[in-house]
2 protein chains.
Amino acid sequence: MPAGGTPFISKKQAEFARREQEILNAALSLFEGPHWEQVTVEQISRKAEIGKGTVYKHFASKEEIYAYITLAFTDKLLENFETATSSEDVLVCLKNIIRIAFDMFLANPAQARVSFYCKREDYRNRLPQELREQFEKLDSRFENFIGSILTSGIEQGIIPEKPVEHLMMGLEATFDGAISMIWNTDVSHQHTIDLDTYVTIISEYMLAGLVGLKQSSD
Amino acid sequence: MPAGGTPFISKKQAEFARREQEILNAALSLFEGPHWEQVTVEQISRKAEIGKGTVYKHFASKEEIYAYITLAFTDKLLENFETATSSEDVLVCLKNIIRIAFDMFLANPAQARVSFYCKREDYRNRLPQELREQFEKLDSRFENFIGSILTSGIEQGIIPEKPVEHLMMGLEATFDGAISMIWNTDVSHQHTIDLDTYVTIISEYMLAGLVGLKQSSD
DNA sequence: CTGATTTATGACTGAAAGTCACAAAAATTC
DNA sequence: GAATTTTTGTGACTTTCAGTCATAAATCAG
């Protein structure tokens with residue numbers, strides 16, 4: 001019965017929650033490296049200065065650790081997106097959003113890599129239902145957000161009148177593909193251009209593909 | 001000393017080569033399933049009706065099996081591409097190529113999935129040098145092929161005058177992203193459209209992005 | 001047919017995910 | 001504040017799987 005100055009969360013519970021965050025931070029710091037999938041739970045536990053078994057008191061599996069990292073990262077991403085819709089111009093808005101997305105993915109490679117891993121269907125099927133639902137909720141938040149921008153672009157006659165889901169697919173595919181390419185092949189080495197140029201090119205390409213689609217071709 | 005009717009390859013060597021193909025076929029048939037990364041070397045050996053150790057007489061590691069599957073598949077893909085360049089119209093050519101690529105990736109999910117896995121830089125670094133070089137050779141064959149089509153498109157004034165590498169990046173990114181999306185989320189379930197429609201949309205988007213790029217924006 | 005060489009094999013090793021019986025600490029009761 | 005119950009922490013243990021290797025089986029040479 002919490003009363004007076006006592007908070008609803010006991011000291012112990014707070015401690016427990018803090019440790020959870022410590023595990024996630026330890027994991028993230030290890031995932032920075034190039035072979036993040038090789039990182040073991042034991043390494044994470046050592047980094048967090050706890051026993052391996054304790055990790056499993058917080059997360060039912062290694063993959064749940066991935067899930068929590070991804071959920072937090074995607075949430076932050078969406079938050080940042082919402083600050084980018086100040087402009088009236090739909091294309092400027094989209095350009096800003098694309099920029100923010102690339103910036104966040106490149107500035108937080110560990111989170112971003114894990115987030116990518118968490119897109120895979122087989123991964124999601126392995127997850128307990130509750131987490132799967134959280135992913136679905138976040139996905140639809142994302143779709144609604146981009147969808148509303150595209151819709152207003154169509155209303156303003158800037159974007160061809162196609163189903164927003166279709167428009168969104170192209171954007172998402174190009175973005176995901178570009179990010180994969182950045183990670184899989186060291187862009188600057190493979191293509192002899194720097195990352196910033198690459199991002200600009202892809203961003204232009206994404207918008208060109210969107211705007212340039214013919215008004216219902218057949 | 002091979003002489004008379006005796007071929008250079010002895011019966012034994014032929015047998016050995018045949019078995020190699022059997023291993024690859026066994027692996028591929030197991031990779032058809034949804035959890036292809038979970039397939040074990042022992043399962044492959046059982047499917048090929050040989051001992052596990054024998055697999056390692058042919059391939060130094062499980063990842064080398066992936067490599068040989070990918071090299072064969074990519075080679076066939078390029079071969080098919082070359083049949084699609086009959087048309088004079090560059091955009092028709094590209095449309096055909098995109099179609100072929102999607103068709104082959106969707107008709108051969110096992111090969112395609114493995115090929116995707118083999119794009120990852122960390123994977124390639126683990127490979128012995130000889131195989132890595134084979135991958136690089138195939139990559140540049142691919143780039144040259146698409147590059148030459150884009151170049152003639154620029155000459156014909158159909159495609160904006162940008163470095164072909166830049167143009168190629170957008171195409172590749174969108175294609176890879178689309179394929180990933182098809183695998184990661186069951187497209188027909190997620191987006192309530194069928195695969196064929198999806199492929200058409202993405203194909204249109206790819207070409208629109210290519211053609212629609214402004215002539216050096218800044 | 002005998003001995004040499006090549007090829008095939010599955011028991012073994014090592015590494016890592018996940019479990020669990022028990023230890024340590026904290027909370028509760030008297 | 002001692003005794004008891006509950007919660008939390010732990011590393012030794014189990015399982016699974018990639019990769020190794022000593023040995024068996026097959027093939028070949030003379």
Side-chain angles (χ1 to χ4, degrees), chain A residues 1-3 6-24 26-27 30-31 33 35-69 114 117 122-123 126-128 131, chain B residues 1-3 6-7 9-24 26-27 30-31 33 35-69 114 117-118 122-123 126-128 131:
Chain A
M1 50 185 86
T6 325
F8 281 80
I9 301 152
S10 77
K11 203 181 231 172
K12 208 185 197 173
Q13 283 174 305
E15 180 69 14
F16 194 83
R18 200 182 50 73
R19 181 158 287 182
E20 195 153 301
Q21 198 51 54
E22 263 168 23
I23 294 169
L24 292 174
L30 291 167
F31 293 165
H35 308 298
W36 75 275
E37 278 194 65
Q38 255 84 289
V39 172
T40 70
V41 174
E42 204 161 356
Q43 282 177 286
I44 295 170
S45 75
R46 271 204 300 272
K47 188 90 180 184
E49 290 172 310
I50 54 173
K52 181 178 157 182
T54 311
V55 172
Y56 285 94
K57 280 277 174 0
H58 291 263
F59 305 98
S61 71
K62 200 183 175 185
E63 293 198 323
E64 275 201 9
I65 297 178
Y66 298 164
Y68 284 103
I69 287 173
V114 176
Y117 181 95
D122 60 327
Y123 162 77
R126 267 177 256 136
L127 244 37
L131 275 172
Chain B
M1 49 185 86
T6 326
I9 300 153
S10 77
K11 203 181 232 171
K12 208 183 197 174
Q13 284 174 304
E15 181 69 14
F16 194 82
R18 201 183 49 73
R19 180 159 289 181
E20 195 153 304
Q21 198 53 54
E22 263 168 22
I23 294 168
L24 292 176
L30 291 168
F31 293 165
H35 308 297
W36 74 274
E37 277 194 67
Q38 255 84 286
V39 171
T40 70
V41 173
E42 204 159 356
Q43 282 177 284
I44 295 171
S45 76
R46 269 203 301 271
K47 188 92 182 182
E49 288 173 312
I50 54 174
K52 180 178 160 182
T54 312
V55 172
Y56 285 94
K57 281 275 172 0
H58 291 264
F59 304 98
S61 69
K62 199 183 176 185
E63 293 199 323
E64 276 202 10
I65 297 178
Y66 298 164
Y68 285 102
I69 287 173
V114 176
Y117 182 93
C118 292
D122 61 326
Y123 163 77
R126 266 176 257 139
L127 245 36
L131 275 171

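Naming: A, B, ... by sequence-line order, numbering from 1 per chain.
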Testing A/Glu20, A/Gln21, A/Glu22 one by one against A/Arg18 for a side-chain hydrogen bond (donor to acceptor under 3.5 Å, both in side chains), which residue passes? A/Glu22

Can you see which heavy atom on [X] is nearest to which on [Y], and at what distance?
X	Y	result
A/Lys62	A/Val39	NZ-O, 2.6 Å
B/Ala26	B/Ile44	CB-O, 3.8 Å
B/Ile23	B/Ala48	CA-CB, 4.3 Å

Donor-acceptor pair under 3.5 Å, B/Lys52 side chain vs C/dG10 base: no

Please state how far atom [atom1] in [X] lies from atom [atom2] in [N], giving the value in whole angstrom units.
X	N	atom1	atom2	result
A/Glu63	C/dA17	CD	P	11 Å
A/Glu49	D/dG11	CD	P	13 Å
B/Lys57	D/dA24	NZ	P	15 Å
B/Gln38	C/dA17	CD	C1'	12 Å
B/Gln43	C/dG10	CD	P	16 Å
B/Ile44	D/dA18	CD1	P	8 Å
B/Arg46	C/dG10	CZ	P	11 Å
A/Arg126	C/dA17	CZ	C1'	13 Å

Which of the following nucleotides, [options], is nearest to the side chain of [X]?
X	options	result
B/Thr40	C/dT9, D/dC17, C/dG18	D/dC17
B/Tyr56	D/dG9, D/dT20, C/dA17	D/dT20
B/Ser61	D/dT10, D/dG19, C/dT19	D/dG19

OP1 or OP2 of D/dT8 less than 4.0 angstrom from a side-chain nitrogen or oxygen of A/Arg19, does that happen here? no

Report yes if a side-chain nitrogen or oxygen of B/Lys62 is closer than 4.0 Å to either non-bridging phosphate oxygen (OP1 or OP2) of D/dA18; otherwise report no. yes

By nearest nucleotide on DNA chain C, pick out whichever of B/Gly51 and A/Glu42 is the more 5' one. B/Gly51

Are more than 12 heavy atoms, taken from residues, nucleotides or ligands other than A/Glu49, located less than 6.0 Å from that residue's CD atom? no

Check every strand shown and say whether B/Val55 touches a base, only sugar-phosphate, or nothing at a heavy-atom separation below 4.0 Å. nothing

